[in-house]
Structures are given as structure tokens and as C-alpha cells.
Colleague: 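Once you've had a glance at the structure underneath, I'll fire off some questions.
Because the structure is a prediction, the values reported are computed rather than measured. Residue numbers run from 1 in the order of the sequence given.
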Amino acid sequence: MNGPSPRDDLPADAAGRGDNAPLKLEQFLPYRLNVVASLVSQALSRIYADRYGIGVPEWRVLVTLGQFGMMTGKAIGAHSHMHKTKVSRAVAQLEKRKLVMRRANRADLREAFLALTPAGRAMYDDLAPIALDFADRLSNAVDSADRAAFERAVDRLIERSTKLAAEFAKDKATG
């Protein structure tokens with residue numbers, strides 16, 4: 001016999017509303033995208049946490065520097081959509097492990113240029129094929145005939161989300 005239903009804990013007047021609710025969390029696109037992002041991040045982070053002993057922010061910094069070479073922390077944050085404090089902490093961890101080095105920006109002493117050390121580059125070169133294999137295995141969930149349409153849809157969602165975020169930031173600033 002099954003245990004009590006989650007609805008058993010609801011007040012009597014709320015128990016029957018779920019099916020008629022105007023907003024259902026499990027059908028709400030922003031929530032569903034967040035669930036996908038969270039589950040993918042958890043699965044991928046287990047790989048690089050176990051193998052390399054780094055977390056999500058460190059991984060993003062490492063991969064961004066692996067892709068672009070030398071960047072400022074501000075540029076890494078903009079590219080990886082991370083707050084500057086997360087970037088700073090991740091860089092500090094990677095520096096401590098001698099995976100990232102910093103060089104002063106003579107034009108602006110408040111910021112530094114960051115780059116991978118040879119050990120950091122070796123880690124990037126080792127983890128890139130593993131991450132790409134993970135992405136391939138994930139994308140296999142979408143039929144090959146639908147992948148181009150899926151990629152276009154993701155690109156459009158990113159573009160629209162960027163515009164909406166800017167609109168809401170502007171409204172908040174003027175509001």
C-alpha cells in the first residue's frame with residue numbers, strides 16, 4: 001500500500017486546485033529550463049569535481065581561458081554569466097593550484113590579465129574531450145533530424161532572454 005499523498009498535507013480548500021491552477025510549475029518554461037540546466041550542471045560537475053577537484057565556477061573560468069587565452073576577470077564574468085565575486089573566488093582557487101596566472105594591466109592597475117599556466121592548459125586539454133563527449137551524449141536525446149531546429153530554438157531563447165533581462169533592468173533603473 002502506498003503512503004500518504006503530497007496533497008494530504010494541503011488545506012481542504014487547496015487540495016483540488018492543482019489541475020485548474022492558471023500557472024503550473026512543471027509546465028512553466030523558465031522553470032523547465034532551470035531544471036534542465038540544474039540537472040545537466042550536476043551531472044557534468046560530478047565528472048570534473050571527481051576527476052579534477054574543481055567546482056562549476058572554476059570549471060567555467062578554466063574553460064573560458066582555455067578558449068580565449070588571456071582575459072580580465074570582468075571579461076570572464078561577462079562571457080560565462082558569473083558575478084564578479086564568483087569569478088574572483090574561482091580565480092583565487094585556480095591560482096592557488098597554479099592553474100591560472102595573472103599579469104598586471106599597466107594601462108589599468110585595478111585589473112589584471114589572466115591566463116592558464118602550462119598545468120592549467122594541460123587540464124583544459126584533458127577535460128575538453130570529456131566535456132564534448134558529455135555534450136554529445138546529452139544531445140543524443142534530440143533526434144538528429146531535429147537538432148538544427150533545437151539549436152536555433154536555444155539560440156533564440158538566449159537572445160530573447162538577454163533582451164528581456166535588459167528590459168527589466170532598464171525598467172528597474174527608471175522605475
Side-chain angles (χ1 to χ4, degrees), residues 21-49 52 54-95 99-100 102-103 105 107-108 110-116 120-121 123-125 127-175:
L23 176 62
K24 297 174 184 166
L25 189 59
E26 65 279 0
Q27 296 173 357
F28 186 56
L29 180 61
Y31 171 77
R32 295 177 74 205
L33 292 171
N34 188 58
V35 169
V36 169
S38 177
L39 291 171
V40 168
S41 185
Q42 285 174 31
L44 183 59
S45 71
R46 284 188 188 125
I47 295 169
Y48 54 75
Y52 305 104
I54 59 176
V56 174
E58 293 82 17
W59 184 84
R60 287 183 184 176
V61 169
L62 190 86
V63 171
T64 301
L65 289 173
Q67 178 182 355
F68 293 105
M70 189 174 291
M71 297 177 81
T72 64
K74 186 176 182 177
I76 292 169
H79 178 76
S80 63
H81 296 274
M82 284 196 303
H83 191 272
K84 62 184 176 181
T85 56
K86 275 197 176 192
V87 173
S88 179
R89 288 184 192 127
V91 167
Q93 288 295 321
L94 294 169
E95 278 185 300
L99 299 169
V100 167
R102 86 176 49 229
R103 196 174 76 208
N105 178 358
D108 184 351
R110 295 170 297 174
E111 70 179 1
F113 292 113
L114 304 165
L116 296 178
R121 173 55 63 180
M123 182 182 285
Y124 172 80
D125 290 342
L127 71 76
I130 295 165
L132 291 169
D133 178 64
F134 178 89
D136 285 344
R137 291 174 56 201
L138 179 64
S139 68
N140 285 337
V142 178
D143 290 334
S144 58
D146 297 333
R147 284 199 192 131
F150 175 75
E151 290 294 331
R152 284 192 306 276
V154 170
D155 289 343
R156 288 181 184 148
L157 287 169
I158 291 169
E159 184 180 326
R160 179 64 56 88
S161 297
T162 301
K163 287 179 182 174
L164 289 172
E167 282 178 28
F168 291 124
K170 180 182 169 191
D171 290 347
K172 185 176 180 182
T174 60

Colleague: Any non-hydrogen side-chain atom of Arg102 less than 4.5 Å from a side-chain atom of Glu95?
Modeller: yes

Colleague: What's the shortest heavy-atom distance between Tyr124 and Val63, and which atoms?
Modeller: CE1-O, 3.8 Å

Colleague: Is there a side-chain contact between Arg147 and Asn140 (heavy atoms, below 4.5 Å)?
Modeller: yes

Colleague: Quick one: CD on Glu159 to CZ on Arg152, what's the gap to the nearest 0.5 Å?
Modeller: 13.5 Å

Colleague: To the nearest 0.5 angstrom, please state how far the CZ atom of Arg60 sits from the OH atom of Tyr48.
Modeller: 7.0 Å

Colleague: Please find the pair of heavy atoms, one from Leu25 and one from Tyr31, that lie closest to each other, and give the distance.
Modeller: O-CD2, 3.0 Å

Colleague: Let me confirm one number: the CD1-CG distance from Ile47 to Leu127, rounded to the nearest 0.5 Å.
Modeller: 10.5 Å

Colleague: Rounded to the nearest 0.5 Å, what's the gap from CZ on Phe113 to CG on Leu65? Could you check?
Modeller: 12.5 Å

Colleague: Ignoring hydrogens and angles, tell me if any N or O in the side chain of Glu58 forms a donor-acceptor pair with the backbone of Gly55 under 3.5 Å.
Modeller: yes

Colleague: Is the shortest heavy-atom distance from the side chain of Met71 to the side chain of Thr64 under 4.5 Å?
Modeller: yes

Colleague: Can you find a heavy atom in the side chain of Phe68 that is under 4.5 Å from one in the side chain of His79?
Modeller: yes

Colleague: Per the side chain to side chain contact (heavy atoms under 4.5 Å, CB included) rule, which among Leu39, Val40, Val36, Leu44 passes with Leu138?
Modeller: Val40

Colleague: Between Asp143 and Ala145 (side chain of the first, backbone of the second, donor and acceptor by atom type, cut-off under 3.5 Å), is there such a pair?
Modeller: no

Colleague: Any side-chain heavy-atom pair from Tyr52 and Ile130 closer than 4.5 angstrom?
Modeller: yes

Colleague: A side-chain contact here means heavy atoms from C-beta on lying under 4.5 Å apart; do Val61 and Met82 qualify?
Modeller: yes

Colleague: Would you say Leu62 and Leu116 make side-chain contact, with heavy atoms under 4.5 Å?
Modeller: yes

Colleague: Within the supplied structure, the quantity of interest is the number of heavy atoms (other residues, nucleotides, ligands) at a distance under 6.0 Å from Arg121 CZ; does it exceed 12?
Modeller: yes

Colleague: Do Ser88 side-chain atoms and Lys84 backbone N/O form a donor-acceptor pair below 3.5 Å?
Modeller: no

Colleague: May I ask you to decide if Ser41's main-chain N or O and Ser45's side chain share a donor-acceptor pair within less than 3.5 Å?
Modeller: yes

Colleague: Is any side-chain heavy atom of Met70 less than 4.5 Å from a side-chain heavy atom of Arg103?
Modeller: yes

